[in-house]
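Input: a single structure, listed below in C-alpha cells.
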Amino acid sequence: MSDSPVWHPFTQHGLREPIPLVTHAEGAALYTSDGRRIVDAISSWWVTTHGHANPTIMAAIAEQAGTLDQIIFAGWTHQPAEDLARGLTAIMPPELTRVFFSDSGSTSVECALKMALGYWLDRGEDRHRILVLEHSYHGDTIGAMSVGARGVFNRAYAPLLFDVGTIPFPAAGREQATLDALEAACAAHPAAFIVEPLLLGAGGMHIYPPHVLAEMRRICARHDVLFIADEVMTGWGRTGTLLACEQAGVVPDILCLSKGLTGGAIPLAVTMATEAIYQAHYGTDRARMFFHSSSYTANPIACAAANANLAIWRDEPVRDRIADLAARQATRLEALARHPRIANARQIGTITAVELRGEDGYLSQIGPRLLAFFGARDLLLRPLGNTVYVMPPYCIDDADLDRIYAAIGEACDRLGHES
Ligand SMILES: *Cc1c(COP(=O)(O)O)cnc(C)c1O
C-alpha cells in the first residue's frame, strides 16, 4: 500500500496506518480484498441512506448510463434534471421554488453564500457579512471553511478565510445567550445566517432543540436576514424527519442538500431557493444572472440516481424504517450509557453519540487508537476525538447493530484498564 501514488483525504500517510482496499459493498456491509466483512456504522461518511448498492438506485444509474452520460447544463437541459427539480420542489417546502445543481455539499454551500450576496446586491443594500454558529462545519472549500469553525483543520489557510460573526452554540441552559447574540448580530444588517439545523455534525455531534432553531429563524425573519439551512448531513431522514427543519416548523430562504440526495451512490448537490432569491437574479440584464457553474453540473447519471432516491422515498416505507432504526438505536444507547466511562449519551433520529471519558492531554490520542480498535473488530467507526457516534444506513440489521455497541462497550472497558 505504501507505494501507492494515492493521496488520501484526512490521512497522515507518515503514520503508515493500514488502508483497506474495498472490493464491493452491499447493504450495511463493506467487503475488503483480504476477505473481511466490515460493518459500515457511519454510512461511508454520512452519505449512504438506503444501504450500499441499492438495487433501485443501481438500476437507474445503469439505465441512464446507456442513454445520456453528460451534457453542458448552461443553456441546455435533460429529463433527469427536469424530473429531479420537479420531484424536489414537490417533496420539499413549497416556498423553495427553485433548484440549482452542483456536485458536493461544499459547493452547495458556496452557491448558497453567492446567492445570498447576489440577492443583497440586487436590492441595492451593502450587505456582505455572514453569521454562523459556533462549532459548525459546512465543507472544505475556502468559502465553506470560512463559515465553519476555525481549528487545526484550516489553520494553514486562515489568512484567506473571510471574517464572519460567530453566534455561541445553544448549549443546554444557555439557549437565551445564543438568541440574544443572534438578535444583536442581526441588528447590524448582515447578509445571512447559515446553520446546521438541530445537529452540528463534524463539529462534534452537538444537538440543540427545535424551539431554538424556530426562534433563530424568527429572529432572522424579523431583521430581514437570509436564513440558510445546511441540511447536507441532516437531510434525507437522518434526524428522524425528511429535513431537520421540519421538526421546528422552519422553512429556510436557502436550503443545501447533498450526501443522501442520491442515496449516497454518486456525487450530486442542490441549493434550493425561494422565489425572491431567484427573482433577484432574474431579468434581461446579463450582469445579474447567477455566475456559478461546474463542468458536471446536474450530471444526468447523478440526477437519475437522485430520482431513484425520490422514488424510494415515495414507494417504500422509508419513514417507518427510520423510526424503527431510531428505536433500535435508543435501546442499545440506553444500555451503553450505563457504562461509567460514557458521558453525554445523546441521540437524534437515526444518529447516536457518546463521549468516552478520559484524561486531558491523553484524550488527543484516543481518536486514532479508537479507530484502530474498531478497525480490528471489522467496524467502520470514525470517532471525532473522543466522541464516538453511530450513523448507520437505514437497512442495518440487529446483529450488526449489536456488534457496533458491543465494540464501543469493549473500548470503554479497555480504556478503564489502561488509564
Ligand atoms: C459533509 C458536509 C458538508 C460538505 O459536504 P461535501 O460533500 O463533503 O463537500 C457541508 N455541510 C455539512 C453540514 C456536512 O455535514
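Numbers here are sequence positions counted from 1. Ligands are counted one by one from 1 in listed order, and the atoms in each one are counted from 1 as well.
For residues 343-354, the side chain to side chain donor-acceptor pair (under 3.5 Å) pairs, not counting sequence neighbours, are Asn344-Glu355, Arg346-Glu355, Thr352-Tyr405.
Listed by chain and number, Trp46, Ser104, Gly105, Ser106, Tyr137, His138, Gly139, Glu196, Asp230, Val232, Met233, Lys259 each place a non-hydrogen atom less than 4.0 angstrom from ligand 1.
Of the possible donor and acceptor atoms, none in the side chain of His52 sits under 3.5 Å from a partner among the backbone N and O of Thr48.
Ion pairing between a basic and an acidic side chain is recognised when a charged N comes within 4.0 Å of a carboxylate O; Arg403 and Asp397 show no such pairing.
Looking only at side-chain heavy atoms (C-beta outward), Cys412 and Leu356 come within less than 4.5 Å of each other.
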Side-chain polar contacts of residues 55-68 - donor-acceptor pairs under 3.5 angstrom, sequence neighbours left out - could you list them?
unit_1 : atom_1 : unit_2 : atom_2 : d
Gln64  : NE2    : Leu68  : O      : 3.0
Thr67  : OG1    : Glu63  : O      : 2.9

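Residues satisfying the salt bridge (charged side-chain N to carboxylate O under 4.0 Å, His left out) test with Asp378, not counting sequence neighbours, are Arg36.
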